[in-house]
2 protein chains.
Amino acid sequence: MNKKRTTLKDIANVLSISTAAVSKALNDDARISVKTKKAVKQVAKELNYQPNHLASALRKGKSNLVGVIVPRTNSSFFSSVVENMEEVLNKAGYNIIITQSNESFEKECKNIDALLYTQVDGIIASMANETVDLSYYEKIKSYGIPLILFDRGENDLNVDYVGIDDYKSSHMIIDHLVSQGCKRIAHIGGYRRTRIFNNRIRGYIDAIKKHDLPHDDELLIESSLTLEDGRQQIEKLLALKNRPDAVYVASDYAALGSLQVLKERGIKVPEEIKLVGFGNEPFTSLVTPSITSINQHSEQIGKLAAETFLGYLEKDVVVQSLNKIILDSELIVRSSSE
Amino acid sequence: MNKKRTTLKDIANVLSISTAAVSKALNDDARISVKTKKAVKQVAKELNYQPNHLASALRKGKSNLVGVIVPRTNSSFFSSVVENMEEVLNKAGYNIIITQSNESFEKECKNIDALLYTQVDGIIASMANETVDLSYYEKIKSYGIPLILFDRGENDLNVDYVGIDDYKSSHMIIDHLVSQGCKRIAHIGGYRRTRIFNNRIRGYIDAIKKHDLPHDDELLIESSLTLEDGRQQIEKLLALKNRPDAVYVASDYAALGSLQVLKERGIKVPEEIKLVGFGNEPFTSLVTPSITSINQHSEQIGKLAAETFLGYLEKDVVVQSLNKIILDSELIVRSSSE
DNA sequence: TATATTTGTTTAATCGATTAACCAAAAGTA
DNA sequence: TACTTTTGGTTAATCGATTAAACAAATATA
């Protein structure tokens, strides 16, 4: 019920010393005697002293908060990235503020404003699909705080980026499907304007060429990659006079939608058509047949993004440049493709 | 590159007025002339002034931040609750800080400390399964800021709570299974010490009695409700000499584990054994057969929890009492039970 | 005209912690 | 003894926004 929280002053009064001495004692300043330190810490404990973060942050010009923006938290990938990021940052004395854009540009802008307003010391973000206008991200840079992107990045911003090699991942998938005897491989990809999806598409095309397989335009489809759109797009492929014998879908959700339609149509997976997703969402191993997918090493991405942020702390001026950390991905082969 | 942010002083200097006048002008104080207000706002825009949240929060003793603690964000239920909570709070000028306990008591305590340290104006939480010791939650109360619990609550804390009627939900499930002709219904429930799981168990027992069905001890199992444990516990039920003809699992994840085993064993669902989960996770409609489940109205829960918090703002002293908002749940019938 | 009121703004204190600059007393040194 | 250095603090300014109190000028009222 004692709404009044104890402050440095309260401790100082009890011991009849200055608040400065108390502050230094609590921060283990060398100029404070061991005896005083002990006494101060003792009283601090007795009065249940909790430092006022706002005051110290204001004075030090540093909030020890890091803002995080993800498209959504209820995806195992982002949730795992955030969890690992948090672990690293907590150890370094930072707390994180998680916000989600729900893939909306407008919401993303609001989040950026809210984070800047809260005086975060840096922002780690994965961009919404919708985002094309980069002015809000430029705003972050103009604040002079570090900005680190992961997974969904953008070269034009010239900031640090952590992600996997999407181009190479496509090659891994196509190589695998070819090794399984596939000759006509389709790709339900994301929108080309999003860098990662563009890379997956490029990888798909180049890998197809590498194996001297047909690369008909009709086999390459751009999609929003939702479950529902996965259903729609597979229908198009099934309607072709010359059906594919394998489909590489750039997202597990859309892959699941495709799988549902295939099953409803009585088309055997993997016997008639092989299917590969992307992202290694937990449900890929839960559905029947389980879906082959790409694991993106969310733990590593989270940790590296956090460490990249921490790397800026030593420097007194933040000068960012396009500094990419690209991780290898991992193909998890499951029933849908073998 | 202008690392220096503009402050009230900068604006004041440009116009040769006091910072007090600038502050009042920006806050539309009645005592400032329209002319001055216009000029101030104009300059503020030109200099791209962004108020320093730390300073105003310190002065006003109010951070406009609300802390949220959830067991994990990558569950559709919690993610949806948080999303709706955020919407309501944002409209009222509040931002939220999301933290996850990962069902760990230790992590939860750390989160509480971090949130209090950040000077949040209130905390909305759903407790970790592990949590039995309530001292950290008492600590929140002792800070004099509102604490609102949802889904995973605890009567002893005497604070506001928003959730569904678990007892009644069990009745809905049993009623449904009985109407489908089931005569021997098992329950893989959570740990009794968690209130919501205890209520589900009580509801199960009472509903069974209501229908004059056998309530053997062997049909009621306590579980951690993970997917893996769902696999383990169904094995026990299958090993019984007198197998159940329906299983009500208190979590969708555990229900999925059970379903996997049933399918592996070649036991037909729902023909031989009917299955019902709890929580209406998206995958329940994605797997084959789709799983009947309980929808918990996450949107409502999120909104109501947020509104409950906002309700405290008018009062000058926070006096909390056990004030429960119990929502009706909804049974979503799918293939696994009919 | 003299006084009261309103308007619009300034002054200065404040929130709580930190820190540069200063200082007295104790200890060391020549 | 006289001077320097070290020890262990204190004083006061500061971070940036807010706000109670004060105040001058303009306007209203008697």
- Considering residues at least two apart in sequence or located in another chain, which fulfil the side-chain contact (heavy atoms from CB on, under 4.5 Å) criterion with A:E130? A:S104, A:F105
- Message: In this structure, how many angstroms lie between the P atom of C:dT19 and the CG atom of A:N27, rounded?
- Response: 7 Å
- Query: Which sits closer to the 5' end of DNA chain C, B:V22 or B:K60, going by the nucleotide each is nearest to?
  - Reply: B:V22
- Query: With a 4.0 Å cut-off on heavy atoms, is B:T7 in touch with a base, just the backbone sugar-phosphate, or nothing at all?
  - Reply: sugar-phosphate
- Can you find a side-chain donor-acceptor pair between B:Y312 and B:D160 that sits under 3.5 Å? yes
- Hey, does the side chain of A:N64 reach the backbone of A:G93 with a donor-acceptor pair shorter than 3.5 angstrom? yes
- Among residues two or more places apart or on two chains, list those pairs meeting side-chain hydrogen bond (donor to acceptor under 3.5 Å, both in side chains) that have a residue in residues 25-36 of chain A. A:D28-A:K41, A:S33-A:T36
- Tell me whether the guanidinium CZ or amine NZ of A:R152 lies under 6.0 angstrom from the six-membered ring centre of A:Y161 and within 45° of its axis. no
- Is there a donor-acceptor contact under 3.5 Å linking the side chains of A:Y49 and A:D10? no
- Task: Would you kindly say whether B:K141 and B:N158 are connected by a side-chain donor-acceptor distance under 3.5 Å?
- Result: no
- Message: So B:S33, base contact, sugar-phosphate only, or nothing? Heavy-atom distance under 4.0 Å.
- Response: sugar-phosphate
- Message: So does B:V120 get a backbone contact from the side chain of B:T118, meaning a donor-acceptor N/O pair under 3.5 Å?
- Response: no
Under 3.5 Å, N/O pairs linking protein and nucleotides 20-28 of chain C:
none

- Message: Let's see if you get this right: which residues in residues 40-57 of chain B place a heavy atom under 4.0 Å from DNA chain C?
- Response: none
- Indicate the ring-plane relationship of A:F309 and A:Y94, choosing parallel, tilted or perpendicular according to the 30° and 60° boundaries. perpendicular
- chain B contact limits on DNA chain D, taken 5' to 3' with a cut-off of 4.0 angstrom to heavy atoms: D:dG16 to D:dA21
- Not counting sequence neighbours, which residues clear side-chain contact (heavy atoms from CB on, under 4.5 Å) with B:S75? List them please. B:F77, B:F78, B:E281
